[in-house]
2 protein chains.
Amino acid sequence: MATGRTHRPATRSRGIPEATVARLPLYLRALTALSERSVPTVSSEELAAAAGVNSAKLRKDFSYLGSYGTRGVGYDVEYLVYQISRELGLTQDWPVAIVGIGNLGAALANYGGFASRGFRVAALIDADPAMAGTPVAGIPVQHTDDLDRIISDNGVSIGVITTPPGAAQQVCDRLVAAGVTSILNFAPTVLSVPDGVDVRKVDLSIELQILAFHEQRKAGEEASADGGASDAEAEQAPPVRATPTTRKGPDGDMPAVMPA
Amino acid sequence: MATGRTHRPATRSRGIPEATVARLPLYLRALTALSERSVPTVSSEELAAAAGVNSAKLRKDFSYLGSYGTRGVGYDVEYLVYQISRELGLTQDWPVAIVGIGNLGAALANYGGFASRGFRVAALIDADPAMAGTPVAGIPVQHTDDLDRIISDNGVSIGVITTPPGAAQQVCDRLVAAGVTSILNFAPTVLSVPDGVDVRKVDLSIELQILAFHEQRKAGEEASADGGASDAEAEQAPPVRATPTTRKGPDGDMPAVMPA
DNA sequence: ATGTCTTTGTGAACGCGTGCACAAAGATGG
DNA sequence: CCATCTTTGTGCACGCGTTCACAAAGACAT
């Protein structure tokens with residue numbers, strides 16, 4: 001996952017497992033598509049296929065919400081859309097503030113998926129005075145100096161951080177101080193927040209690195225198909241282990257350090 | 001997590017658990033920062049704090065890679081940076097192609113975090129003929145018609161999809177056909193791919209919905225602090241259950257369906 | 001050389017998440 | 001009203017991931 005909650009021992013809130021909560025939006029999307037096609041009911045098998053999950057898992061997930069299905073028939077699409085929306089809290093309006101209007105921040109401000117489900121971009125905030133007043137996605141950018149007031153005035157409880165990594169923690173602190181209790185962090189930084197504040201992070205670089213790991217593994221397996229008991233990555237230049245303290249003897253060159 | 005691998009039964013590759021692989025980039029980032037400050041060694045406790053994880057977890061993670069630490073001292077920073085980089089496959093060059101150069105695609109093309117660790121944006125591809133030739137982030141956009149050739153010529157094995165949802169599956173199929181075996185999907189679509197192809201998805205909307213769930217829960221707990229045995233979300237308008245098949249009688253209004 | 005002190009590496013226990021497989025429930029047809 | 005058939009809801013077992021707690025290993029001082 002490009003994500004993962006930070007800290008917090010996976011508080012199974014109100015009996016609904018965290019893993020299930022993470023899948024509810026997936027179901028909701030599939031159900032919405034069915035709803036638009038005026039499909040009245042759907043079986044767990046069909047819906048699971050549409051959402052890309054196991055049907056048993058889906059049934060168990062729904063069982064945490066209640067018994068919303070009809071045996072022998074399936075689930076009522078409209079009803080389920082409503083129930084999941086309500087469970088996720090999408091029946092109410094969530095004003096969101098985006099801090100850091102660079103390329104990514106601007107892209108998010110323009111992103112239609114935000115507005116689609118109860119989320120409303122209420123404010124854009126940037127530290128660059130030159131940007132103040134400039135409209136992005138039809139919303140004028142405001143200066144960081146007014147962050148506290150902006151959050152309060154708009155009743156923002158969800159903040160999105162798209163600043164450079166160096167500014168992320170400071171922005172986070174100010175958001176929290178202003179009353180924000182949920183943060184979506186795009187900056188490659190580990191944020192520390194007080195209890196009661198949720199942080200989710202989206203890290204593009206990490207996702208790519210995970211893909212690279214598996215990609216390398218695939219390539220290695222192919223290469224070792226000729227028939228060697230040798231490890232796939234054994235042909236890498238063997239780096240000399242840098243002896244930590246007691247530099248005993250002339251062990252020569254240090255390991256070739258990668259570009260940071 | 002903004003992510004989660006799609007399908008594939010969590011193949012514990014070469015003995016390294018999937019969960020550990022997902023954390024290695026985190027450690028690498030923290031280590032790189034230490035390296036830049038010329039810190040020679042670091043204890044599991046310190047590094048764990050910097051990466052935002054438990055120190056026992058970190059030690060266990062590293063134990064899957066080998067015994068790279070020195071008891072009583074800690075880990076050699078440079079050496080560990082090299083080992084993790086190698087394990088993740090970052091010692092080689094990964095040409096990446098981005099398909100769909102809208103706001104998000106352009107933001108990714110400009111994103112510095114990509115280039116920083118062995119990833120190189122080798123090609124930008126878009127379906128709009130008007131964009132062909134226009135440079136984005138210094139790289140000219142190429143047309144979808146040439147997708148196959150572009151992938152082959154550049155030896156791209158990792159593709160990034162930032163198209164509208166409707167085009168995602170088709171683009172995915174073409175990427176796979178052209179030889180891509182790892183895909184990072186930003187489109188809100190469930191992609192189906194043949195075996196041997198990895199898909200990771202980043203879904204901004206899902207992340208926000210998960211935050212909203214917890215946010216709602218926090219608000220509900222506060223509200224029920226006055227002293228009610230009633231459920232926090234009981235005050236919602238009780239929707240009339242749409243009777244699935246046997247539409248018995250005029251049960252009137254359907255549940256207020258949410259905006260899709 | 002020996003003792004002390006720090007920190008790693010890991011055995012073991014525990015809890016969560018997943019998937020199987022089936023009984024219960026309800027629809028449907030005769 | 002009864003039989004059959006479909007599909008849900010869930011008890012159960014299993015495996016992965018996390019955490020604790022401690023023994024082993026090495027550094028360092030004397």
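We name chains A, B, ... by the order of the sequence lines, and we start the count at 1 in each one. No experiment lies behind these values; they were computed from the predicted model shown.
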A correct 5'-to-3' footprint of nucleotides 1-6 of chain D, with B, S and - meaning base, sugar-phosphate only and no protein heavy atom under 4.0 Å, is -----B
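- Applying the side chain to side chain contact (heavy atoms under 4.5 Å, CB included) rule to Ser205(B) yields the partners Arg29(A), Arg117(A), Asp203(B), Gln209(B); only residues at least two apart in sequence or on another chain are considered.
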Write out a two-atom table: protein N or O, nucleotide N or O from nucleotides 1-5 of chain C, distance below 3.5 Å.
none

N/O to N/O distances under 3.5 Å, protein versus nucleotides 12-15 of chain C:
residue: dA12(C); atom: N6; partner: Lys60(B); partner atom: NZ; Å: 3.1

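- Under the rule for a side-chain hydrogen bond (donor to acceptor under 3.5 Å, both in side chains), the partners of Ser43(B) that lie at least two apart in sequence or sit in another chain are Glu46(B).
- For the side chain to side chain contact (heavy atoms under 4.5 Å, CB included) test, no residue two or more places apart in sequence or in another chain qualifies with Pro40(B).
- Screening residues 187-212 of chain B for ring-ring contact (aromatic ring centres under 6.0 Å, His included) gives no qualifying pairs among residues at least two apart or on separate chains.
- Residues passing the side-chain hydrogen bond (donor to acceptor under 3.5 Å, both in side chains) test with Gln170(B), sequence neighbours excluded: none.
- Residues satisfying the ring-ring contact (aromatic ring centres under 6.0 Å, His included) test with Tyr75(A), not counting sequence neighbours, are Phe62(A).
- Scored by the side-chain hydrogen bond (donor to acceptor under 3.5 Å, both in side chains) test, Ser182(A) finds Glu215(B) as partners (sequence neighbours excluded).
- Under the side-chain hydrogen bond (donor to acceptor under 3.5 Å, both in side chains) criterion, Asn54(B) pairs with no residue, sequence neighbours left out.
- Screening residues 50-64 of chain B for salt bridge (Lys or Arg N to Asp or Glu O under 4.0 Å) gives Arg23(B)-Asp61(B) as the qualifying pairs, with residues at least two apart or on separate chains.
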